[in-house]
Amino acid sequence: MDYNFSEIEKKWQEYWRDNKIYQVEIDKNKPKFYVLDMFPYPSGAGLHVGHPLGYIASDIYARYKRLKGFNVLHPMGYDAYGLPAEQYAIQTGTHPAVTTEKNINRYREQMDKIGFCYDWDREVRTSDPQYYKWTQWTFIQLFNSYYCNNCKKAKPIANLIQYFEKHGAENLNVAQSKPLHFTADEWNAMSEKQQQEILMNYRLAYQAETMVNWCAELGTVLANDEVADGLSVRGGYPVVRKSMKQWLLRITAYADRLLEDLETVNWSDSVKDVQRNWIGKSMGASVHFGVEGKDIDLEVFTTRADTLFGTTFMVLAPEHELVMQITTDEQRAEVEEYITRTKNRSERERMAEVRKVSGAFTGAYGINPITGAKLPIWIADYVLMGYGTGAIMAVPAHDSRDFAFARHFNLPIIQVVKKPSAETTDPATWEESFDAKDGELVNSGFLDGMPVKKAIMRMIEELEKKGVGTGKTNYRLRDAIFSRQRYWGEPFPIYYKDGMPYAMDESKLPLMLPSIDEYKPTENGEPPLARAKNWVTEEGYPIETNTMPGFAGSSGYYLRYQDPHNDKEYFSREANDYWQNVDLYIGGAEHATGHLIYSRFWCKFLYDLGLSCKAEPFQRMINQGMIQGRSSFAYRVNIEKLCEYAVWNMIKDKKMGVEFIKNYKDGRRQFDFFCPEKGIILDVKRVGSLEKLAEPWEEYAESKGLKILMIPNGEIMDDCINGTNLVEQKIKDAVAGKDVPSFVDRPAHKRIPIFVSKNYTGRDEYSDPIHVDINMVRNDILDVEAFRNWRDDLKEAVFIYEKDKDGNDIFVCGSEIEKMSKSKYNVQNPDDLVEKYGADTLRLYEMFLGPLEQSKPWDTQGIEGTFRFVRKFWRLYHDEFNQFNVSDEPATAAELKCLHKLIKKEEDAIESISFNTVVSAFMICVNELSDLKCNKREILDPLCIMISPYAPHIAEELWHLLGHYNSVVEASFPVYDESKTVENSFNYPISFNGKMRFNMELSLTMTADEVQAAVLAAPEAAKWIEGKQVRKLIYVPNKIVNLVVG
RNA sequence: GCGGGUGUGGCGGAAUUGGUAGACGCGCUAGACUUAGGAUCUAGUUUCGAAAGAAGUAAGGGUUCGAGUCCCUUCAUCCGCACCA
């Protein structure tokens, strides 16, 4: 029987499914292990070879753990809410649920073909009411909780109400939007509405007017991590800052715990670092400045309280609430003008102008609380309202931005820190003294001579003593904006009474997403849910029309897998006690700031409620790299560029006095080249891009008269085809006074495309690279016929070939490694590969490509090698007639050694997720066993188990051929026996002065002296010790022998 | 600018963590079997050299009997964050 992978794989996939081989239940007799993939958003494009990379790795890990006796939870589901399906719905009217369902089915089909060991009975979908019921439920708990800073824990809001009733807001240490002051009497006298408004200041899910990233095209707000470069990550539409009422999650309450608990998880340093960065904790001080002539307190945050003596001015963000109060009448116009100017600038513009210094003087002066110095107060957009207090004390000598500002507006600069080595405090050294973190203080009164760290402490002490400042910790992390003005998301279980939001009763959950007839916002800009009929509670109160963002459903999904069918609880106590949290989480690193931070917050909140027994969701995480595609290009001749290039070269080489003139045609400015010798103009089209090279000629050329030379386009093509550079020739001909054929104009889109083989002319100057479908390319050689038939406009294309060594015409493509994408025609589809090579080969090959965490290009040809290996593996169990042939004779020592080396390798490598080296170890082992002609059951039985995590189908087939009646999944991993691999001699490399010279087989029982004697006696040693003394012997048993001679 | 990663043949990548650099695979070269080869098998394949040998892990320096691995300096490159006070 031949290795018929398609039959084998189909057979066993059905067997696994029908016998529910991968179903897991709580089993307290076995240790648990939880292996999880980041669940996918089911997009319309389906999977490409990059997607399953992480899934294959986690599948191998899960199967391995199972063979090692663990009860392994390995589920899969779908992050089913998301923008693309909704955008599609807006365009076509198709319900997002329909699109999503269709995509999910396609994903499932593709995943099934790869042979994953998911327990599909535990599948979750975030858009399933039975699932989002618990997303909504968690939201209600957040709404009904506040965060106690003393006990560092979320608490029921009812406790807070009791406290208010007795003590008002006195001595309250809780997470809050802003500090409030009221007494118990005042609280008790408030109306319900007033009380509700106050509670919003403390709820963990709260509503507030806030600056948001508004994307008009998508009609919704976006979180910071959904915006990049002022554009939406999904879709790339412009995003503006806008103030709107939104739901927020008070994630900042957990900032410290999110930071500290990073120490307890096994994640890559880079992801931890991104998280630390995102949280952005900085310790410093808040300092209160007075304002001259006004009863105003201006609070700033600084990490460098030590430099207070060096403060020479203050800067407020233009949006700062005190700006108008302090601005003097003389400066009012200027300040208002500046505010308007900055407000109207988009985020993009603001970012583009980061280095430009701008600002306006308010006319007011702040008072330095320590020195009493008068400090001019400015406003400038380099100070951000969103960080600290939106106001700074500027220390131009030690901050590059303050420095630039001071220089620009001519403000004084006082140096207060000098490097210990520096002798002077000369102004010339100021620029070098920026960020002097470990210098000592000068010009600073009682701080003089102190090192920076000590000076910071001393200054904070002084501020506190005088009551003008305190030590303070500041975070970059902002509360998470939790509402979206979209349809395809979880509805909020919130209704409005008297304008105030109230949580629905839990018994009303799930609050089903209503159907609506159109998915756009309403005419008056309300979210799509406002279109829903009867979107009110039973009592008639209106229900919230916002929906939750994408990260709502993905924050706690790993918990729901533990008990997915529970309709009473999110998950049961029993399930969570057993499965706890994820032991190994595999997914992309791009979620470092979004999903992973929200998920950790969600988990900590549920931990505070006593639901989750763990404070961290994902104990260990591995981020798989991207699989890149290798794109192929044909080079399409760009006639315009070709002309430009030729002309420009001639100018440069001074072959010709070509000069520039400009003229106007159809109201558009055009540029031509003028040749004074002949008084002709070279009409080169595609004018815009010529400006840069034309500039120097402009003035001179304007004074010249002109005639016109047209360069015939048709001729250009002919000459390209003949392989000569025609433009140059035409110009030469014209200069020499020859007749030049007339110009035949053809619009660019009607020109016959000309493609040039890579080595013929791969110059960018002449040609545009055009992506070629990789299926039409083999070994970089284009299948020209297939390419011609690819698109209509290529039917008449002209190809300029190269000659191969046999003189045949070939068309060679260029190539580049890029992200896999449909538009680049470099996508490798897993289905095609499974079809051609089988799932086992695909799995092995994806692992063999390289280290999991690294990005690496997909090599289309490399998979052949892995396929050869799989067939070779199959042949180990079969004779030359393809008959199954395994013998019961005992294995030889060599065979056992080969096996046990592999066991060791696989066990060691699996923990470091170094699957590529395991595959190579399999290859080595199979090569050796083939050479030994080994067909012993004693070897092949365990070998079959060992390969089963990597290639489960072939393993299952061989397992049954070996005579087993259960699934190989239920087998036990072979036990490593070190005695099988030890030898009594070792082939030592013999080195002299560290340089390896020859090898020598020596017994391991030899003493150092015996080794030295043996080596010196070896004939090869003579030439290396000739005339020299042996000074030292380095002998490392089982490693090396090194003789130091001299 | 700050932070993190990476740098080894024509290519993807190994190297038991300081001990024979280039495992394994691709590609390439030669040969065998073949009507044929995008099949299979055998041998070779870091560079220079006929060989002996020499050089060699981005560059330079250091520690060591011995460095791809440790330390210092520089460069290149990728990925985050970025007016964060």
Side-chain angles (χ1 to χ4, degrees), chain A residues 228 268-278 280-282 284 300-304 307 315 317 350-351 353-357 380-384 386-395 398-402 404-405 434-435 474-477 589-590 592-593 625-626 630 778-779 817 844-845 848-851 853-869 871 901 904-905 908-909 914 916-927 987-999 1023 1031-1036 1038-1046:
Chain A
S268 74
D269 287 341
S270 71
V271 173
K272 282 189 181 184
D273 218 80
V274 168
Q275 292 228 337
R276 283 193 198 104
N277 233 306
W278 193 257
K281 179 177 184 170
S282 48
V300 306
F301 174 77
T302 178
T303 53
R304 292 296 301 273
T307 60
V315 189
R350 236 176 124 151
M351 274 183 233
E353 291 174 24
V354 160
R355 304 273 162 239
K356 281 195 187 164
V357 178
D381 65 358
Y382 83 89
V383 175
L384 306 175
Y387 183 78
T389 62
I392 62 158
M393 52 177 241
V395 185
H398 304 291
D399 180 286
S400 58
R401 295 151 303 165
D402 295 347
F405 197 82
F434 289 155
D435 294 332
N474 208 17
Y475 297 92
R476 206 191 75 113
L477 184 72
E590 67 274 15
T593 51
M626 210 176 11
R630 189 166 184 273
R778 193 176 172 87
N779 293 341
I817 303 300
L844 283 161
Y845 185 57
F848 186 58
L849 271 178
E853 298 193 67
Q854 205 168 293
S855 285
K856 56 243 158 186
W858 180 263
D859 177 353
T860 323
Q861 287 163 25
I863 195 167
E864 299 274 356
T866 314
F867 188 46
R868 275 198 277 273
F869 159 73
R871 280 178 295 171
K901 268 185 351 203
K904 175 111 174 71
K905 177 73 196 174
D908 288 350
S914 176
N916 54 326
T917 62
V918 177
V919 178
S920 99
F922 277 133
M923 289 172 170
I924 294 167
C925 180
V926 168
N927 287 343
N987 191 22
Y988 283 93
I990 310 297
S991 312
F992 292 85
N993 291 340
K995 283 196 196 301
M996 208 286 280
R997 295 304 180 185
F998 58 90
N999 282 299
K1023 71 191 282 193
R1031 302 203 183 273
K1032 199 175 171 188
L1033 169 82
I1034 314 276
Y1035 168 56
V1036 185
N1038 243 323
K1039 288 249 195 277
I1040 196 170
V1041 176
N1042 185 21
L1043 282 166
V1044 185
V1045 296

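The chains referred to below are lettered A, B, ... by the order of the sequence lines, with proteins before strands, and numbering in each begins at 1. A quick note: this is a predicted structure, and the numbers were derived from the prediction, not measured.
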What is the glycosidic conformation of B:U17: syn, defined as within 90° of 0, or anti?
syn

Judged by whether its glycosidic angle lies within 90° of 0, B:G9 is syn

How is [X] classified with respect to the nucleic acid when contacts are heavy atoms under 4.0 Å: base, sugar-phosphate, or nothing?
{"X": "A:Arg276", "value": "nothing"}
{"X": "A:Ile1034", "value": "base"}
{"X": "A:Asn916", "value": "sugar-phosphate"}
{"X": "A:Asn999", "value": "base"}
{"X": "A:Ser270", "value": "sugar-phosphate"}

Other residues, nucleotides, ligands: >12 heavy atoms within 6.0 Å of A:Lys281 NZ
yes

Separation between CZ (A:Phe848) and CG (A:Asn916), nearest 0.5 Å, reads 8.0 Å

Reported OG-to-CD distance for the pair A:Ser270 and A:Gln275, which is rounded to 0.5 angstrom:
10.5 Å

Starting the side chain at C-beta, find the nucleotide from [options] nearest to [X].
{"X": "A:Lys905", "options": "B:C24, B:G27, B:A15", "result": "B:A15"}
{"X": "A:Gln854", "options": "B:C84, B:G80, B:G13", "result": "B:G13"}
{"X": "A:Phe848", "options": "B:G12, B:G19, B:G13", "result": "B:G12"}
{"X": "A:Arg401", "options": "B:A23, B:A85, B:C84", "result": "B:C84"}
{"X": "A:Val383", "options": "B:C81, B:A85, B:A15", "result": "B:A85"}
{"X": "A:Asp273", "options": "B:G19, B:U20, B:G4", "result": "B:G4"}
{"X": "A:Asn927", "options": "B:C81, B:C83, B:C24", "result": "B:C24"}
{"X": "A:Asn1042", "options": "B:G66, B:A54, B:A15", "result": "B:G66"}
{"X": "A:Met923", "options": "B:G4, B:U20, B:C24", "result": "B:C24"}
{"X": "A:Val1036", "options": "B:U40, B:G19, B:A23", "result": "B:G19"}

What is the distance, to the nearest angstrom, from the [atom1] atom on [X] to the [atom2] atom on [N]?
{"X": "A:Asp269", "N": "B:G5", "atom1": "CG", "atom2": "C1'", "value": "10 Å"}
{"X": "A:Lys272", "N": "B:G80", "atom1": "NZ", "atom2": "P", "value": "21 Å"}
{"X": "A:Asn1038", "N": "B:U16", "atom1": "CG", "atom2": "P", "value": "15 Å"}
{"X": "A:Trp278", "N": "B:G3", "atom1": "CH2", "atom2": "C1'", "value": "15 Å"}
{"X": "A:Phe998", "N": "B:G19", "atom1": "CZ", "atom2": "P", "value": "21 Å"}

If we call it a pair only when both distances are under 3.5 Å in a Watson-Crick or G-U wobble match, what pairs with [N]?
{"N": "B:C65", "value": "B:G19"}
{"N": "B:G10", "value": "B:C26"}
{"N": "B:G37", "value": "none"}
{"N": "B:A55", "value": "B:U46"}
{"N": "B:C83", "value": "none"}

Rounding to the closest angstrom, what is the interatomic distance between [N] and [M] at atom [atom1]?
{"N": "B:G38", "M": "B:A43", "atom1": "P", "value": "22 Å"}
{"N": "B:U57", "M": "B:A52", "atom1": "C1'", "value": "26 Å"}
{"N": "B:U69", "M": "B:A30", "atom1": "P", "value": "38 Å"}
{"N": "B:G7", "M": "B:A21", "atom1": "C1'", "value": "16 Å"}
{"N": "B:C84", "M": "B:U74", "atom1": "P", "value": "24 Å"}

If you pin A:Asn993 and A:Thr303 to their nearest nucleotides in RNA chain B, which one's is more 5'?
A:Asn993

Return whichever of A:Tyr988 or A:Gly865 has its heavy-atom-nearest nucleotide of RNA chain B closer to the 5' end.
A:Tyr988

Once the angle between the rings of A:Tyr387 and A:Phe301 is folded into 0 to 90°, is it parallel (under 30°), tilted (30 to 60°) or perpendicular (over 60°)?
perpendicular

Does the cation-pi check pass for A:Arg871 over A:Phe867, that is, NZ or CZ under 6.0 Å from the six-membered ring centre and within 45° of its axis?
yes

Between A:Thr917 and A:Ser914, is there a side-chain donor-acceptor contact under 3.5 Å, judged purely by atom types and distance?
yes

Would you kindly say whether A:Tyr988 and A:Asn1038 are connected by a side-chain donor-acceptor distance under 3.5 Å?
no

Do any side-chain nitrogens or oxygens of A:Arg868 fall under 4.0 Å of OP1 or OP2 in B:U40?
yes

Would you please confirm or rule out a distance under 4.0 Å between OP1 or OP2 of B:C2 and any side-chain N or O of A:Arg476?
no

For the ring pair A:Trp858 and A:Tyr845, is the centre-to-centre distance below 6.0 Å?
yes

